[in-house]
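Below is one structure; the comments refer to it alone.
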Protein chains: 2
Amino acid sequence: MTTIREIAQLCGVSVATVSRVFNQPLTVSKEKREVVERVARELDYRPNESARALATKRSGLIGLVWDTDHRRPGWRHPYLQELLIGLKSALSAHGYHLLMLATSGSAALRAVGASLADPVAYVNMTRRHHLGGLVLIDSGSDAPAFAAFAQSGLPCVAVDVDVDGPQATYVTSDNVGGAALAVRHLVAAGHRRIATITGPRANRPAVDRLEGFRTAMAEAGLGVPPEYVVEGDFYRPSGQAAMRALIALPEPPTAVFCASDEMAVGALLAARHAGLRVPDELAVVGFDDIELAALVDPPLTTLAQDKAGIGVAAARAVLTMVHGGEKPEPAFLPTKLVVRASSR
Amino acid sequence: MTTIREIAQLCGVSVATVSRVFNQPLTVSKEKREVVERVARELDYRPNESARALATKRSGLIGLVWDTDHRRPGWRHPYLQELLIGLKSALSAHGYHLLMLATSGSAALRAVGASLADPVAYVNMTRRHHLGGLVLIDSGSDAPAFAAFAQSGLPCVAVDVDVDGPQATYVTSDNVGGAALAVRHLVAAGHRRIATITGPRANRPAVDRLEGFRTAMAEAGLGVPPEYVVEGDFYRPSGQAAMRALIALPEPPTAVFCASDEMAVGALLAARHAGLRVPDELAVVGFDDIELAALVDPPLTTLAQDKAGIGVAAARAVLTMVHGGEKPEPAFLPTKLVVRASSR
DNA sequence: CCTTTCTTTGTAACCGCTTACAGGCTCCCA
DNA sequence: TGGGAGCCTGTAAGCGGTTACAAAGAAAGG
């Protein structure tokens with residue numbers, strides 16, 4: 001690897017000048033600048049990022065926290081791949097890279113049944129590696145850990161989790177609006193007895209989807225009997241169980257809005273087992289637009305999240321803070337109703 | 001952040017001693033070592049990784065190359081999430097972290113229709129950041145770029161791509177063996193007219209699966225007429241088209257082995273459209289065991305890859321090379337036949 | 001008791017880059 | 001023509017570690 005010193009020598013200038021050429025080009029006379037640039041190119045000079053980070057205390061890296069909760073081995077993020085694509089592209093546009101933080105998983109935390117995202121470990125990593133900030137991706141039970149990160153004062157942005165802190169914000173879909181879209185769609189199709197299968201009460205998107213559901217139902221002048229709101233956990237089995245319960249009601253709903261596609265698929269299964277025809281006897285709407293949604297039978301009507309867009313928004317938010325900008329407000333990205341055969 | 005120097009002062013020793021306590025503890029007397037360790041703990045000392053990397057030329061980071069090919073916007077890795085889990089856990093066990101390399105995507109490369117994985121850019125990144133090595137994850141068309149990496153002499157291990165180089169190896173499933181399992185399963189079920197829908201000819205796993213298919217068919221004493229081998233591209237539509245063609249044959253097969261679950265799902269669709277009952281009139285076996293496999297109707301018999309295991313193997317391989325070990329032989333992880341209702 | 005060897009420690013150079021500070025020039029204006 | 005302002009440039013001091021080398025003391029061998 002060629003260094004700044006070699007270039008300086010070859011060009012007959014000081015190392016300071018060479019460094020300036022790359023960092024504050026305007027402070028260097030045109031002639032010297034061009035010579036340095038040419039020589040650097042010829043020697044295929046690449047700045048040593050470690051040295052740079054050491055001198056500037058900035059590494060050009062953003063940390064990614066995404067731990068898998070060992071208590072839920074089957075858990076999968078519904079759109080990790082698209083999220084990463086969005087993150088990566090927005091970061092690379094600004095010359096940043098993503099460092100996937102890996103800790104062996106604190107045994108202590110696991111013992112008390114806590115999430116695997118260990119705030120202390122990750123905050124340490126951030127300082128050790130001069131990370132600009134963190135992107136926090138939830139594994140289903142990381143909200144408490146993320147709250148701790150948020151307090152640390154490091155720039156961080158959480159995805160689909162509600163955090164607050166001096167330099168902490170979050171990005172998620174417009175869950176309220178999305179749920180309302182779902183309800184309006186069902187109402188327009190003539191449904192009046194509409195139930196919902198929610199996500200966990202502790203989960204911000206779940207709460208928002210429920211809120212959107214209630215608001216839109218009220219707007220439509222429809223009542224929501226308590227038994228029409230069943231709590232699930234976003235996973236398929238819970239959706240199936242919840243749907244079974246709804247079907248067993250004396251006055252079962254004719255339509256159900258599920259807070260996740262996974263649960264909606266569960267609902268479809270329950271309907272099939274009960275011999276209900278979808279969408280004729282039961283309309284089902286999900287949320288997420290996972291790949292599976294288009295493939296189940298019947299294909300699922302759902303609210304498509306802007307998956308890559310969320311990644312991009314998260315990246316932008318963290319970069320704004322890294323660059324000293326104001327802490328961005330939480331972002332709520334619009335969702336899109338995708339009508340398929342499970343409703344009409 | 002407390003530094004080595006502060007600790008040295010507080011302990012009344014030199015910085016060299018402090019540094020040794022952390023790097024070569026045995027060369028320091030027990031007393032001093034304990035004092036230093038205690039003080040370090042009290043001050044919550046964290047070594048500065050940039051300084052360390054600068055001095056040692058090692059950063060404790062492994063690069064992850066995973067570029068999305070903009071020409072195939074819909075492309076998704078069949079098991080990225082599990083792969084990352086495996087990679088991460090194996091790396092963190094050795095104190096390494098994963099750096100997701102992001103380049104803005106060289107316009108030049110895109111112009112010539114090449115893959116987005118730009119070997120030059122990534123090799124630069126490796127040097128700039130003192131990365132120990134690279135893990136290469138294919139986006140469907142990165143094989144040529146990966147071959148270039150492999151030549152660079154940097155430690156690197158590719159997943160599901162056949163590379164060779166001074167410090168390059170790869171890990172993939174035992175595709176030959178898996179395909180053979182599929183065939184034997186079908187033969188045992190009484191099938192004799194067995195066709196296959198392959199992946200792209202240029203793809204190593206695809207080629208291996210075809211080879212396994214042929215070998216096992218020969219072993220079973222069954223012939224494979226040329227029209228029973230149809231090339232697909234791993235995606236669903238190609239599987240559907242291929243299956244349509246097979247069904248249209250004067251003597252259509254009674255069973256088909258597809259080189260990917262996605263194509264197998266396509267095959268199921270084609271069968272359904274043709275009014276063929278699965279598995280009675282047509283047995284279908286896939287490869288991968290993606291989530292979808294268990295959910296289609298009928299659920300798909302398939303070969304489960306050890307997805308996280310592949311990540312672990314890749315991590316181990318790259319670490320071996322980083323630590324100066326012999327270049328590991330390519331690894332072929334066993335697959336498992338998962339029998340579901342699409343075959344019997 | 002003296003020499004050799006081993007263990008432990010400190011000194012200081014170095015990794016490659018950034019940047020505060022100061023000095024030398026040129027330019028402009030009184 | 002003297003002096004202040006501005007522009008370029010170089011010197012050198014970090015950033016926070018690692019490690020070669022030397023030295024001092026302790027242990028071992030003859």
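Given the structure is predicted, the values throughout are model-derived calculations rather than measurements. Computation of the quantities below employed the complete heavy-atom set of this structure, encompassing side-chain atoms and omitting hydrogens, waters and symmetry-equivalent molecules. Protein chains get the first letters and strands the later ones, always in sequence-line order, with residue 1 at the start of each.
- Residue B:Leu54 places its side chain closer to C:dG16 than to any other of C:dT18, C:dG16, C:dT9.
- Non-hydrogen atoms lying under 4.0 Å from DNA chain D are contributed by B:Arg5, B:Ala16, B:Ser19, B:Arg20, B:Asn23, all within residues 5-28 of chain B.
- Contact between the side-chain N/O atoms of A:Arg52 and the OP1/OP2 oxygens of C:dT18 is found at a separation under 4.0 Å.
- Protein atom NE2 of A:His130 is 14 Å distant from nucleotide atom P of C:dT18, rounded to whole Å.
- Applying the salt bridge (charged side-chain N to carboxylate O under 4.0 Å, His left out) test to every pair with at least one member in residues 155-165 of chain B, sequence neighbours left out, gives these pairs: B:Asp162-B:Arg204, B:Asp164-B:Lys327.
- Judged as a salt bridge (charged side-chain N to carboxylate O under 4.0 Å, His left out), the pairs with a partner in residues 80-101 of chain A (not counting sequence neighbours) are, in order, A:Glu82-B:Arg76, A:Lys88-B:Asp67.
- In this pair, A:Tyr79 and A:His77 present their aromatic rings perpendicular. The plane angle is above 60°, beyond the 30 to 60° band.
- Judged as a ring pair (Phe, Tyr, Trp, His ring centres under 6.0 Å), the pairs with a partner in residues 18-65 of chain A (not counting sequence neighbours) are, in order, A:Phe22-A:Tyr45.
- Across its full length, the helix from C:dC1-D:dG30 to C:dA30-D:dT1 shows an angle of 50° between the axes of its 5 terminal pairs at either end, rounded to 10 degrees.
- Around CZ of A:Arg33, the count of heavy atoms belonging to other residues, nucleotides or ligands within 6.0 Å exceeds 12.
- Here the two rings, on B:His97 and A:Tyr122, have centers that are 6.0 Å apart or farther.
- Nearest-nucleotide positions on DNA chain C place B:Lys30 closer to the 5' end than the other of A:Ala55 and B:Lys30.
- Summarising the geometry of B:Ala314 relative to B:Val159, their closest heavy-atom pair is CB-CG2, 4.2 Å, with the distance given to 0.1 Å.
- Taking atom CG of residue A:Leu43 and atom C1' of nucleotide C:dG16, one finds them 15 Å apart after rounding to whole Å.
- Of all non-hydrogen atoms in A:Ala315 and A:Ala90, the two that sit nearest each other are CB-CB, 3.5 Å.
- Rounding to the nearest 0.5 Å gives a distance of 10.5 Å between NE2 of B:His130 and CG of B:Leu61.
- For C:dG16, the OP1/OP2 oxygens have a side-chain nitrogen or oxygen of B:Lys57 closer than 4.0 Å.
- Screening B:Leu99, B:Ile137, B:Leu101 against B:Leu64 for a side chain to side chain contact (heavy atoms under 4.5 Å, CB included) leaves a single residue, B:Ile137.
- Using a cutoff of 4.0 Å between basic side-chain nitrogens and carboxylate oxygens, A:Glu42 and A:Arg38 are scored as salt-bridged.
- Taking a heavy-atom distance under 4.0 Å as the criterion, the stretch of DNA chain D touched by chain B extends 5' to 3' from D:dG16 to D:dA20.
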